[in-house]
Amino acid sequence: MRGRFITFEGIDGAGKSSHIEPLAAWLRERGHQVLVTREPGGTALAETLRKLVLHQPMDALTESLLVFAARRDHLTRSIQPALDAGTTVLCDRFTDATFAYQGGGRGFDLHVLSQLEAMVHPGLQPDLTLWFDLPAAVAAQRRAAVRAADRFEAESTTFFERVQAGYAARVAAHPARFTRIDALPPQPEVWTQVCTAVQTLLR
Ligand code: TYD
């Protein structure tokens, strides 16, 4: 049987990343083979592109082309073979992030993004996307407490409000595969929501 493809989305600081490894362990305890990966990244080439996207100044078209180039390599070499082998793939961000960050945040043409999406992964969408929803102002406070910012994390709260709106538009366009996770409560409560969503998918 083909593996399940589960993606994690949300603005920087929403807390998605801290639930991925625990979810992988939770699934492995239940007998699943699991691959944990991330975007941009997941292969040597895509990790090289990630460094450029996160740290080199560039325009929104270049950014979009690079994240889709990274995605193409990641899909063909890693994600698709894993799914074909029956492995559950947990991916920290995927194409919804491009619609939210390049489309919403940067204001880049959504029609062009849709064309790139159709070119890079025709017919493939995640089986479940967990959208960690947190107000942009709260996420900014959480980010400030933890680490040095990359090109995206250094953006303003207004940028992240646009990214949020980008995610909300994506959820409206693909309601069936999204589960909204309320990222405001303490971590154990968020974790319960994550497990419930994944149990529903596996049922
Ligand atoms: P992130 O998951 O936040 O990594 P980390 O937790 O290590 O900071 O992802 C890196 C950044 O890349 C994030 O700010 C969003 C951005 N990004 C895009 O702009 N477009 C994309 O298509 C993807 C996948 C990520």
Side-chain angles (χ1 to χ4, degrees), residues 5-24 36-43 45-75 78-79 89-110 112-121 124-126 129-134 136 138-140 142-167 169-170 174 181 183 187 190 194:
F5 184 24
I6 303 176
T7 58
F8 294 71
E9 297 286 357
I11 57 175
D12 291 271
K16 64 186 168 42
S17 304
S18 40
H19 294 280
I20 300 179
E21 281 299 343
L23 181 62
V36 174
T37 187
R38 68 172 182 182
E39 292 218 336
T43 63
L45 172 61
E47 290 289 335
T48 302
L49 295 175
R50 177 190 178 92
K51 287 193 193 95
L52 298 175
V53 170
L54 264 52
H55 302 291
Q56 296 290 326
M58 63 186 74
D59 72 7
L61 172 59
T62 309
E63 219 171 76
S64 303
L65 292 171
L66 290 182
V67 294
F68 270 113
R71 183 162 300 136
R72 177 74 189 170
D73 193 60
H74 188 206
L75 264 173
S78 177
I79 295 177
V89 176
L90 305 184
C91 192
D92 191 344
R93 301 191 182 283
F94 193 62
T95 299
D96 298 315
T98 314
F99 278 82
Y101 281 79
Q102 281 66 50
R106 303 274 191 238
F108 187 66
D109 190 334
L110 297 178
V112 175
L113 295 182
S114 296
Q115 288 178 318
L116 290 169
E117 177 184 36
M119 211 180 284
V120 168
H121 53 97
L124 178 87
Q125 287 294 343
T129 299
L130 300 173
W131 175 41
F132 289 71
D133 186 14
L134 191 70
V138 181
R142 290 190 185 175
R143 282 199 307 277
V146 270
R147 59 189 174 200
D150 61 37
R151 279 177 67 237
F152 294 99
E153 292 163 342
E155 288 285 353
S156 64
T157 299
T158 0
F159 173 86
F160 283 105
E161 280 164 356
R162 292 197 301 273
V163 175
Q164 274 291 60
Y167 274 124
R170 236 0 221 182
H174 300 261
I181 303 290
Q187 247 191 42
V190 178
V194 170

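Counting starts at 1 for both ligands and their atoms, in listed order. These numbers were taken from a predicted model, which means no experiment stands behind them.
- With hydrogens left out, the protein atom closest to atom 8 (O) of ligand 1 is Glu153 OE2, 3.0 Å, a heavy atom.
- Residue His74 is tested with Glu47, Arg38, Glu39 for a side-chain hydrogen bond (donor to acceptor under 3.5 Å, both in side chains); the sole match is Glu39.
- Looking only at heavy atoms of the protein, atom 6 (O) of ligand 1 is closest to Arg147 NH1, 3.7 Å.
- For the pair Arg71 and Phe68, the cation-pi criterion (under 6.0 Å, within 45° of the ring axis) is fulfilled.
- Remark: side-chain polar atoms of Glu155 are not paired, donor with acceptor, to backbone N or O of Phe152 under 3.5 angstrom.
- Counting only heavy atoms of the protein, atom 14 (O) of ligand 1 lies nearest to Asp12 OD2, 2.9 Å.
- Side-chain contact between Asp96 and Trp131: absent, with no pair of heavy atoms (C-beta onward) separated by less than 4.5 Å.
- With ligand atoms numbered from 1 in the order given, ligand 1 contributes 24 (C) to contacts under 4.0 Å with heavy atoms of Glu39.
- The distance from ligand 1 to the heavy atoms of Arg71 drops below 4.0 Å at these ligand atoms: 22 (O), 24 (C).
- At a heavy-atom distance under 4.0 Å, only side-chain atoms of Lys16, from C-beta outward, approach ligand 1.
- Ligand 1 has no atom lying under 4.0 Å from any heavy atom of Glu63.
- A perpendicular orientation is assigned to the rings of Tyr101 and Phe160, their planes being inclined by more than 60° (bins at 30° and 60°).
- Taking the charged nitrogens against the carboxylate oxygens, Arg151 and Glu63 do have a contact shorter than 4.0 Å, which makes a salt bridge.
- Only the side chain of Asp92 comes within 4.0 Å of ligand 1, counting heavy atoms alone; its backbone N, CA, C and O stay farther away.
- Protein heavy atom in closest approach to atom 20 (N) of ligand 1: Gln102 OE1, 2.8 Å.
- Of the protein's heavy atoms, Leu54 CD1, 3.8 Å lies nearest to atom 12 (O) of ligand 1.
- Thr95 pairs in a side-chain hydrogen bond (donor to acceptor under 3.5 Å, both in side chains) with only one of the listed residues (Glu117, His121, Glu9, Arg170), which is His121.
- Regarding atom 7 (O) of ligand 1, its nearest protein heavy-atom neighbour is Arg50 NH2, 3.1 Å.
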**Prompt:** What's the verdict on side chain to side chain contact (heavy atoms under 4.5 Å, CB included) for Val194 and Phe132, showing C-alpha distance, side-chain angles and the deciding distance?
**Reply:** CA-CA 10 Å; Val194 170; Phe132 289 71; 3.8 Å; yes

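- Under the 4.5 Å side-chain criterion, counting only non-hydrogen atoms from C-beta, Tyr167 is not in contact with Thr129.
- The single protein non-hydrogen atom nearest to atom 22 (O) of ligand 1 is Thr98 OG1, 2.6 Å, given as residue, atom name and distance.
- The protein non-hydrogen atom at the shortest distance from atom 9 (O) of ligand 1 is Arg93 NE, 3.1 Å.
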